[in-house]
Amino acid sequence: MSLLSVKNLRVSFDTEAGLVEAVRGVSFDLGRERLGIVGESGSGKTMTGRAVLRLIRPPGRIEADSLLFDGQDLMTASEREMRALRGPRIAMVMQDPKYSLNPVMKVGAQLVEGLRQRDRMSKMDAHDKAIAALEAVQIRDPERVMEAYPHELSGGMGQRVMIAMMLIPNPDLLIADEPTSALDVTVQAEVLAILDNLVKTRGMGLIFISHDLRLVARFCDRVLVMYKGRVVEELAAKDLMQAKHPYTQGLLNCLPRIGGPRQPLPGLDRSADWAV
Amino acid sequence: MALIEIDNLSVTFLSKGHRVNAVKDVSLSVAAQESFGLVGESGSGKSTILRAICGLAPISGGAIRIGGQVLDRKAGKAFAVRVQMVFQDPYASLHPRHTIDRTLSEPLAIHGIGDTDARVMRALDDVGLPRNFRFRFPHQLSGGQRQRVAIARALMLEPEILLLDEPTSALDASVQAETLNLLNRLRAERGLTFLMVSHDLAVIDHMCDRVLVMQHGAAVEELTRDQLAGAQMKTDYARSLFAASADRMLAG
């Protein structure tokens with residue numbers, strides 16, 4: 001049985017300007033594998049990730065024919081049941097460490113908070129576990145990072161702290177929203193290797209949200225391509241170069257390539273039938 | 001003679017009492033109408049070089065010459081007519097409470113250039129923005145449209161040199177393509193000289209004739225476009241950067 005099953009997910013917002021549909025009927029199944037969701041900004045990929053955790057505030061509305069995690073119906077779960085799922089079972093790495101970490105709390109305090117509160121751990125144990133988590137994401141001097149405030153960390157460090165924090169409770173499903181977009185190519189490779197290792201050794205399911213089609217193709221098993229709240233194409237990552245949908249092809253072709261010709265890059269044609 | 005010449009430039013900041021060498025002994029020269037790239041990871045000092053040219057970073061050693069003249073810190077207006085910069089984040093580099101019209105007409109007012117109305121309209125046309133965007137505010141535009149405004153602003157005084165600090169890294173892939181095409185078209189039409197910073201080797205390869213790889217504030221290796229495409233780099237660092245961008249290669 002699949003870990004997560006989403007059928008006809010819709011996320012909409014009632015705004016002054018009328019109803020905005022951020023996600024319009026997305027369906028997918030996820031096993032213990034790496035699923036990539038790609039699309040441009042505004043395509044609804046982040047909203048899809050947040051909807052799985054029911055982290056969408058009113059006036060936003062989540063509707064779905066079914067939203068099952070490990071056999072449990074997330075649509076009918078109480079707030080209390082959802083809280084028990086968020087963190088220990090399903091974790092999400094948010095997009096920007098600058099905005100997602102508490103700026104006035106030391107990193108260490110943020111890391112042990114959950115352990116102390118939820119797992120009722122002693123100070124010592126929680127501290128040791130936090131250090132181990134930082135080491136697991138290849139942070140070289142964890143003691144210093146524990147005592148630092150988020151603004152004292154570089155983007156790459158902050159991103160790794162976020163990943164460490166989400167992995168402490170050992171979740172079954174990790175939703176990573178642009179976990180590497182703020183990072184340099186070389187650091188990016190390291191973070192991906194860490195995630196990859198975790199999927200393999202812990203048997204975790206991973207939803208990897210990104211705007212970078214080629215990165216996703218290299219890293220994931222399967223790719224969903226989203227445009228304007230819909231999945232326009234689903235394909236195995238290795239078949240990406242043979243993508244059929246004009247939007248996927250357009251996204252691939254508009255990237256410059258090393259050694260490519262110097263002519264203008266092809267733009268995306270947004271006037272075709274699929275774009276409306 | 002090269003248009004931009006940088007000899008053994010060093011930039012040192014004081015941070016919490018200790019010195020940070022952001023740029024160490026970097027030399028480069030860019031010919032007129034050439035497009036030169038600086039590439040490296042964050043903290044490698046590539047943006048600091050651009051900022052030093054503009055007087056936004058303290059120069060602690062070496063010299064920068066534009067057209068043979070050593071930069072004079074007091075030559076504010078004369079410098080602005082020759083050199084302009086486009087910043088990385090279009091969400092942060094435009095004044096949030098100024099309309100596009102005000103942003104674009106300010107350089108004209110400062111330099112006492114008349115004909116504001118027609119020049120602003122032409123600037124919008126040049127970067128492919130509809131004329132009715134003129135009285136909008138930055139928050140009413142998308143990221144790509146804002147970056148177009150930032151490019152239009154930089155070109156208002158018709159400079160020879162454009163310093164580009166990661167102009168497309170905050171943009172979606174398709175918008176990046178449009179912005180790069182725009183920059184290339186403007187360079188061809190106006191004979192501009194580009195000094196461009198990016199962490200994306202593929203973008204640099206598409207835009208630049210020569211590229212300088214930097215690490216920890218120092219120059220590592222200079223490559224021509226053919227050397228880059230042919231993977232003919234001599235240093236390990238340039239090679240590792242190239243390997244990490246392998247999926248940006250031409251398919252096949």
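What's counted below: heavy atoms across the whole structure, side chains too, no hydrogens, waters or symmetry copies. Note on naming: letters A, B, ... go to the chains in the order of the sequence lines (proteins, then strands), and numbering restarts at 1 for each one.
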If every non-hydrogen atom of [X] is compared with every non-hydrogen atom of [Y], which pair is closest and at what distance?
X        : Y        : answer
B:Ala202 : A:Arg257 : CB-CA, 4.3 Å
A:Ile258 : B:Asp205 : CA-OD2, 3.4 Å
A:Gln263 : B:His206 : O-CE1, 3.4 Å
A:Cys254 : B:Ala177 : O-CB, 3.4 Å

Heavy-atom cut-off 4.5 Å, strictly under: side chain, backbone, both or neither for [X] against chain A?
X        : result
B:Glu41  : both
B:Arg225 : side chain
B:Leu201 : both
B:Asn181 : side chain

Legend entry - Leading residue by heavy atom contact count with chain A [cutoff under 4.5 Å; candidates B:Cys208, B:Gly143, B:Gly40, B:Ser169]: B:Cys208
Legend entry - Donor-acceptor contact below 3.5 Å, side chain B:Asp172 vs main chain A:Ser41: yes
Do any side-chain atoms of residues 227-235 of chain B form donor-acceptor pairs under 3.5 angstrom with protein atoms, and if so which ones, sequence neighbours left out?
residue: B:Gln227; atom: OE1; partner: B:Thr224; partner atom: N; Å: 2.9
residue: B:Gln227; atom: OE1; partner: B:Thr224; partner atom: OG1; Å: 3.4
residue: B:Thr235; atom: OG1; partner: B:Glu221; partner atom: OE1; Å: 2.6

Inset, instruction - State, yes or no, whether a side-chain contact exists between B:Gln176 and A:Pro256 at a heavy-atom distance under 4.5 Å. - result: yes
Inset, instruction - Look up atom NE2 in A:His211 and atom CG in B:Leu171, then write down how far apart they are to the nearest 0.5 Å. - result: 9.5 Å
Inset, instruction - Flag yes if more than 12 heavy atoms outside B:Asp236 fall under 6.0 Å of its CG atom; otherwise flag no. - result: no
